[in-house]
Number of protein chains: 2
Amino acid sequence: MNIYDIAELAGVSIATVSRVVNDSPRVSEKTKQKVRAIMEENGYTPNVFARGLGLDSMKTIGILCPDVSDAYMATAVAHLERSMHEHGYDCILCCSGFEQSIKEKYVSLLLAKRIDALIMVGSTYAGVEGEESRIQYVLDAARQVPVFLINGYLDGENIYCAYGDDYQITYDVTSQMIESGRRRILFLCDSHSYSAVRKLAGYESALKSHGLPVLGDLKLYVKNRIHTVRDILLERRDLRFDSVIGTDDGLAVGAIKYANAKLLKIPEDICITGFNNSTLSICSDPELSSVDNRVEELCNITISNMMKILQEKDPQISRNCKVPCRLVKRCTTDF
Amino acid sequence: MNIYDIAELAGVSIATVSRVVNDSPRVSEKTKQKVRAIMEENGYTPNVFARGLGLDSMKTIGILCPDVSDAYMATAVAHLERSMHEHGYDCILCCSGFEQSIKEKYVSLLLAKRIDALIMVGSTYAGVEGEESRIQYVLDAARQVPVFLINGYLDGENIYCAYGDDYQITYDVTSQMIESGRRRILFLCDSHSYSAVRKLAGYESALKSHGLPVLGDLKLYVKNRIHTVRDILLERRDLRFDSVIGTDDGLAVGAIKYANAKLLKIPEDICITGFNNSTLSICSDPELSSVDNRVEELCNITISNMMKILQEKDPQISRNCKVPCRLVKRCTTDF
DNA sequence: ATGAAAGCGCTAACAC
DNA sequence: GTGTTAGCGCTTTCAT
């Protein structure tokens, strides 16, 4: 059943049917009714390919993230997908992992699909300082479609970023730890992403402004697996710390497991915070204080910007949107 | 840059270019080289819409799930997406929630996008006994494209199902609880989905074969939120039980929270198991024994079946694939 | 307000 | 082995 069939059944031309489908004002109400009835009866749906060919758009947004099975990204993707649908767009989802060549491959693949815009979820796409060549593919993509980064920042034409203020919140949390008497704060981290770098900067900056030394030993890079973190901490008997900032809830829960195994009192003996305010944080015992970096908010901003860009002529949008984070206090902190 | 431009630059016809793009054997190696070089130079990518129009397929698979922010589904989607890409297909992701009308809407939307196949993740799409009308839309969809259910079963032409043997594993777990001396086993559940129904059947059947009564009080339907479960259990002071089967890790962790709050010894005073073997289960304290229903395996089976159907003429595939589950024992069980 | 007809960029059947 | 050409189903001028 195609537009010709409908046109014939309705006794009009395909142009008129097309106009009805697109709700053009230049068709009489009467004709519209009639055509719509015929379409309804026959369960007609316009062929998206043909339409895409003509309009060079299929109203699809590409979403790229390293891994949807990660809770943070899953939340973001779920939120994005829902909002996009409300605006009449569909989502092609791709999970690129963290490897450079794969990321690049996926971006070209997505572009080849003629997506209307590209959303990249996760600070891994923001690249690392000193390795600017690795973000070239994002810059290139932005010349074809608007690119939106969630939880990362990248300066470039047609690239719009929304991210939590990781620097500030880490600065604040670190400061509060220091002010409540902590002196040896372990910074647990599992990557060198944009976000991780900002968190580290906030941490170090807080130490410095309180006249505390930045100790290399207290910056620990580990894999984000709860038992791995626990075991590494247990093994490093030389390492002394009275508090920990985990850049992800998984890392922080690993620290809780460590503390429990060593029969340390939380938060008295050791104070712990995580990031992302995921379900993990209410699962552990004691429950974890965790930074909420407001993914939903970041997603909303992104969608709102995207719609303006896709629909308006001259949108005027900030390419750089930083959102304050907040610490959700539970039982692993005493401030 | 389209096929005509390339043809002109290469000094051949568009047919030849098309053949090169599709790697047809009926082009001389020399011509291929030349055309490919030109395509490379000019960064040519075939227009997917035009191609879709001709072939009536864009090599995209629709994935429908109630909610990707759920860990179980996120794992499944991540796995599916990766495998699909390896086979040259892309995924359009839709999150339908649990409401009937929305599910139906999404399915027609996906079909309108001319997907090559539809994967439905989650037993919610398998419907409930006695409400056959609610699965009509799945049956209808299957007349257009092959439909694959993950973690649910539905008997219908062109519908292929892969699911864990929830009945058997719940029967086994219940039996082991009984044989290790438990008499009042609480069945915690948050839905009436196909999967939930099968689990309940296994539970009741085990009770019966051990000569134990099936008590209505011990079947509790609650929302899958950790604190909610804990609080409800704490409030129901009349309810007596010495063991808990949670049909999801979240529910079981709620039970752990309850036990901890009441200073019950786990597993001595109360024995607890969950489902899905998610990160939650290693987060809690004590760590939760949980049924692994092998999503990856289910996904692999599905993909493998799908590829056969999409590529072969007469595949011969079982529409009904049941996979055994296994209990991953941690610290909340004593058997 | 409506229709005729020219694309959109590709595939594939057919001709050579 | 390569070229010609007729669709695929729609949108969109341009007439009327």
Side-chain angles (χ1 to χ4, degrees), chain A residues 1-39 42-60 88 90 109 111-116 144 310-311, chain B residues 1-39 42-60 88 90 109 111-116 144 310-311:
Chain A
M1 183 104 314
N2 62 28
I3 201 170
Y4 292 94
D5 301 325
I6 299 296
E8 185 157 0
L9 287 171
V12 297
S13 74
I14 58 162
T16 301
V17 177
S18 175
R19 289 190 188 102
V20 173
V21 167
N22 295 291
D23 204 25
S24 154
R26 316 190 321 172
V27 184
S28 75
E29 206 43 52
K30 202 177 140 211
T31 317
K32 266 190 191 173
Q33 304 275 312
K34 186 174 60 184
V35 175
R36 272 205 252 271
I38 307 269
M39 298 197 306
N42 295 274
Y44 166 72
T45 351
N47 182 306
V48 280
F49 302 140
R51 184 177 256 193
L53 228 205
L55 301 176
D56 199 30
S57 153
M58 238 178 75
K59 289 235 181 193
T60 31
D90 286 325
L109 203 144
L111 291 175
K113 286 270 171 177
R114 310 268 167 159
I115 50 173
D116 295 305
Q144 300 195 40
L310 255 27
Q311 291 159 4
Chain B
M1 181 106 314
N2 62 28
I3 201 170
Y4 291 95
D5 300 325
I6 300 294
E8 185 158 359
L9 288 169
V12 296
S13 75
I14 60 160
T16 301
V17 177
S18 176
R19 288 191 188 101
V20 173
V21 167
N22 295 291
D23 203 25
S24 154
R26 316 190 320 173
V27 185
S28 75
E29 207 42 53
K30 202 178 140 209
T31 317
K32 265 190 191 173
Q33 304 274 312
K34 186 174 60 183
V35 174
R36 272 205 252 270
I38 306 268
M39 296 197 307
N42 296 274
Y44 167 72
T45 350
N47 182 306
V48 280
F49 302 141
R51 186 178 255 191
L53 228 204
L55 301 176
D56 199 29
S57 153
M58 239 178 75
K59 289 232 180 196
T60 30
D90 287 325
L109 203 144
L111 291 175
K113 287 269 171 177
R114 309 268 166 158
I115 50 174
D116 295 303
Q144 301 195 39
L310 256 26
Q311 290 159 5

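Quick caveat, the model's predicted, so the values are computed rather than measured. First the proteins, then the strands, lettered A, B, ... as listed; each starts at 1.
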* Structure fact -> The answer to which of A:A50 and B:V12 contacts DNA chain D further toward the 5' end, by nearest nucleotide, is B:V12
* Asked: Would you say D:dT11 has OP1 or OP2 under 4.0 Å from some side-chain N or O of A:S18?
  -> yes
* **Under 3.5 Å donor-acceptor pair, B:Y4 side-chain atoms to C:dC8 base atoms** => no
* Asked: When all nucleic acid strands are considered with a 4.0 Å heavy-atom cut-off, which category describes A:V21: base, sugar-phosphate, or nothing?
  -> nothing
* Can you tell which of C:dG3, C:dC10, C:dA12 lies closest to the side chain of B:N47? -> C:dC10
* Whole-Å distance separating the CZ atom of A:F49 from the P atom of C:dC10 -> 15 Å
* **First of A:S28 and B:I14 reached from the 5' end of DNA chain C, by closest nucleotide** => A:S28
* To do: Would you tell me if any nitrogen or oxygen in the side chain of A:T31 comes within less than 4.0 Å of OP1 or OP2 on C:dA1?
  => no
* Asked: Counting only side-chain N and O atoms of A:R51, is one of them less than 4.0 Å from OP1 or OP2 of D:dT11?
  -> yes
* **Main-chain N/O of A:D5 paired with A:N2 side-chain donor or acceptor, under 3.5 Å** => yes
* Atom-pair distance (CZ on A:R19; C1' on D:dA15), nearest Å -> 11 Å
* Asked: Sub-3.5 Å donor-acceptor pair from the side chain of A:K113 to the main-chain atoms of B:M58, do we have one?
  -> yes
* Asked: Quick one: is D:dT11 close enough that its OP1 or OP2 comes under 4.0 Å of any side-chain N or O from A:N22?
  -> yes
* Asked: What is the distance, rounded to the nearest whole Å, between atom CD1 of A:I3 and atom P of D:dT11?
  -> 6 Å
* To do: Round to a whole Å and report the spacing from CE of A:M1 to C1' of D:dC10.
  => 15 Å
* What integer distance in Å separates B:E29:CD from D:dT2:P? -> 11 Å
* Structure fact -> Separation of D:dG1 atom P from B:D23 atom CG, nearest Å, is 13 Å
* Test item: B:D116 side-chain N/O and B:K59 main-chain N/O as donor-acceptor pair under 3.5 Å -> yes
* For B:K30 and D:dG1, give me the distance from atom NZ to atom C1', rounded to whole Å. => 12 Å
* To do: Could you check B:G11 against A:L53 and say which one's nearest nucleotide on DNA chain D is further toward the 5' end?
  => B:G11
* Would you say the side-chain atoms of A:N22 pair up with the backbone N or O of A:S24, donor to acceptor, closer than 3.5 Å? -> no
* To do: Check whether any side-chain N or O of A:T16 sits under 4.0 Å from OP1 or OP2 of C:dA1, and answer yes or no.
  => no
* Asked: Reckon B:R26 has a side-chain N or O less than 4.0 Å from the OP1 or OP2 of D:dG1?
  -> no
* Using whole Å, report how far CG of B:D56 lies from C1' of C:dT11. => 13 Å
* Exercise: identify the closest heavy-atom pair between B:T45 and A:A112 -> CG2-CB, 3.7 Å
